[in-house]
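Presented below is the structure to which this report refers.
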Amino acid sequence: MDFRLTDEQEALRESVREFAREVVAPVIAEHYEQHTFPYEVIRQMGKMGLFGLPFAEERGGMGGDYFALCLALEELARVDSSVAITLEAAVSLGAMPIYRFGTEEQKATWLPRLLSGEALAGFGLTEPGTGSDAAGTQTRAVLDGDEWVINGSKAFITNSGTDITAMVTVTAVTGTNPDGSKELSTIIVPTGTPGFAVAPGYSKVGWTASDTHELTFDDCRVPAANLLGARGRGFAQFLRILDEGRIAIAALAVGLAQGCVDESIKYAKERHAFGKPIGANQAIQFKIADMELKAHTARLAYYDAAARMLAGEPFKRQAAIAKLHASTIAVDNAREATQIHGGYGFMNEYPVARFWRDSKILEIGEGTSEVQRMIIARDLGL
Ligand SMILES: Cc1cc2nc3c(=O)[nH]c(=O)nc-3n(C[C@H](O)[C@H](O)[C@H](O)COP(=O)(O)OP(=O)(O)OC[C@H]3O[C@@H](n4cnc5c(N)ncnc54)[C@H](O)[C@@H]3O)c2cc1C
C-alpha cells in the first residue's frame, strides 16, 4: 500500500496549484463579490486540459483517470471552490454521463467541446419538490412519434445557464416498471431548445462565482435519439454518476479544508496580540494541528475510495465515507480558520470568509450527510 503520488501526479498537482495561486486567486474575490462567472479562468482551465483529465485521448481527453481529476479539484478548492465546483460538475456530472452511457453519435456530437472546456453541460436530477428521494421525480417525458416531449422542472442545476452551456441531461419519468415503480430515463436537452427555459441565477450563500439555475420544460421536444443509454436505466445511471461524484466532492472538500490550514498558518504568524504572534499560543497551534489532522485523514479517505474505484472494486461505501467525512471536516476547518482570523475572518476580503460560506453546501450537494449515512448503513447490511 503506497499513498505517495507518482511523479506525473505530483507534476499535475503542482501545475494546478500554481495556476490556482497565480491565475485564480487574484481575480476570484471580485467575481465572488459580483456573482459573476469567471469565463476567462474557465477558458484557461480548458487550455490546460483540466476538463479532459479523466477521459481517453481518442475522445479528446488527456488520458488520465478520475484520481487525476480529484487531485486537480483539491488544488483548485484550496484557493477557491466556485472554480472547483464548476470543473467538478462539468466533468463528473456534465461530460461523464455522455462518456459512460452515450451512443457513438452522442459522444461524437458532445464530447469534443465538453472535454476541451469550450462548452459546459449540466446534470438535471434534483427538482423543486424532491432531491434526496429521486424516486419522487415528477418531470415526465412522453414519446410522441420520433420525439420526446418533456414537461417538468429541475432545481439547483450547476453549469446550466452559462454563455457556454451546450446542453443538460435530464432525468424524467418515461413510464412504469413491471413492479409499479417509476421508469426513469435520462434525456439530452440542448440549450436553446424551444420549451426549455433557464431561470435567472439563484442568490446563494456561497459558490457565488459558479452558475446555478432552476430549469423548466414546457412541451419541450427533442429527438428520440437524445435518450442517453437504454430507456429505464436512468436510476442506475445517476447512482453510478453520484457514487463517483462523491469522491470528487470529497477531494474538493479536502482542498477547502487544506486552504483553511494554509491561511491560518499565514495569519497566525502575522497577527500579534499581547506582544507576540497569536501563533505562539499553544491554543492556536493546537487548533491548526487539529485542522491539519482532519485534512490529512479526509485525504486518505478519498484516496482510498478512488483507488478502489480505479481497481474496479466496489467503492460505494468508501465514497460515501470520504464525502461525509471530508465535508464535515471542511465545515470544522472553515469555522476554526474564521475564529483564528478574529474580526477579519468575518470580512469578505479574506479567503477564509469565502471558505466559510462555501463549506456548508458540501454537506448538502451530491447527497446530504444524512444520505451518506443511509448509504453506509445500507452497505453494512442494515
Ligand atoms: C449550489 C447547488 C448546486 C447543486 N447542483 C446540482 C446539480 O448540478 N444537479 C442536481 O441534480 N442537483 C444539484 N443540487 C441539488 C442537491 O444535490 C440537493 O439539494 C441535495 O441532494 C438535497 O436535496 P434537497 O435540497 O431536495 O433536500 P431534501 O431531499 O428535501 O432534504 C431536506 C433535509 O432532509 C433530510 N432527509 C431527507 N430524507 C431523509 C431521510 N430519509 N432520513 C433522514 N434525513 C433525510 C436531508 O438530508 C436534508 O437535511 C445542487 C444544490 C445546490 C444548493
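All heavy atoms count here, side chains included; hydrogens, waters and symmetry mates do not. Numbers here simply count residues along the sequence, with the first being 1. As the structure lists them, so they are numbered: ligands from 1, and atoms in each ligand from 1.
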- Task: In plain terms, say whether Asp304 and Arg308 are close enough for a salt bridge, that is, a side-chain N and a carboxylate O under 4.0 Å apart.
- Result: yes

- Message: Is it the case that the ring center of Phe123 lies less than 6.0 angstrom away from the ring center of Phe238?
- Response: no

- Message: Checking the N or O distance criterion of under 3.5 Å, is ligand 1 in contact with Ser132?
- Response: yes

- Heteroatom proximity flag, Val371 to ligand 1, N/O under 3.5 Å: no

- Query: Hey, is ligand 1 close enough to Glu370 that some N/O pair sits below 3.5 Å?
  - Reply: yes

- Quick one: look up the protein heavy atom nearest atom 24 (P) of ligand 1 and list residue, atom name and how far away it is. Gly131 CA, 3.9 Å

- Report the part of Ile361 in contact with ligand 1, treating N, CA, C, O as backbone and CB onward as side chain, heavy atoms under 4.0 Å; options are side chain, backbone, both, neither. side chain

- Note on the structure: Among Phe123, Trp207, Phe156, closest by heavy atom to atom 5 (N) of ligand 1 is Phe156

- Message: Whether Asp290 and Lys287 form a salt bridge (side-chain N of Lys/Arg under 4.0 Å from carboxylate O of Asp/Glu) is what I want to check.
- Response: no

- Task: Could you check which of Ile364, Asp211, Thr126, Thr130 puts a non-hydrogen atom nearest to atom 20 (C) of ligand 1?
- Result: Ile364

- Does Thr158 reach ligand 1 with a nitrogen or oxygen that is under 3.5 Å from one of the ligand's nitrogen or oxygen atoms? yes

- Query: Would Glu366 and Lys323 pass as an ion pair if we require N to O under 4.0 Å?
  - Reply: no

- Query: Judging by distance only, is a nitrogen or oxygen of Leu125 under 3.5 angstrom from one on ligand 1?
  - Reply: yes

- Task: Classify the ring geometry between His341 and Tyr267 as parallel (under 30°), tilted (30 to 60°) or perpendicular (over 60°).
- Result: parallel

- Message: How far is atom 17 (O) of ligand 1 from the closest protein heavy atom, and which atom is that?
- Response: Glu366 N, 3.4 Å

- Message: So, 4.0 Å and heavy atoms of Lys154: is ligand 1 close enough to count as a contact?
- Response: no

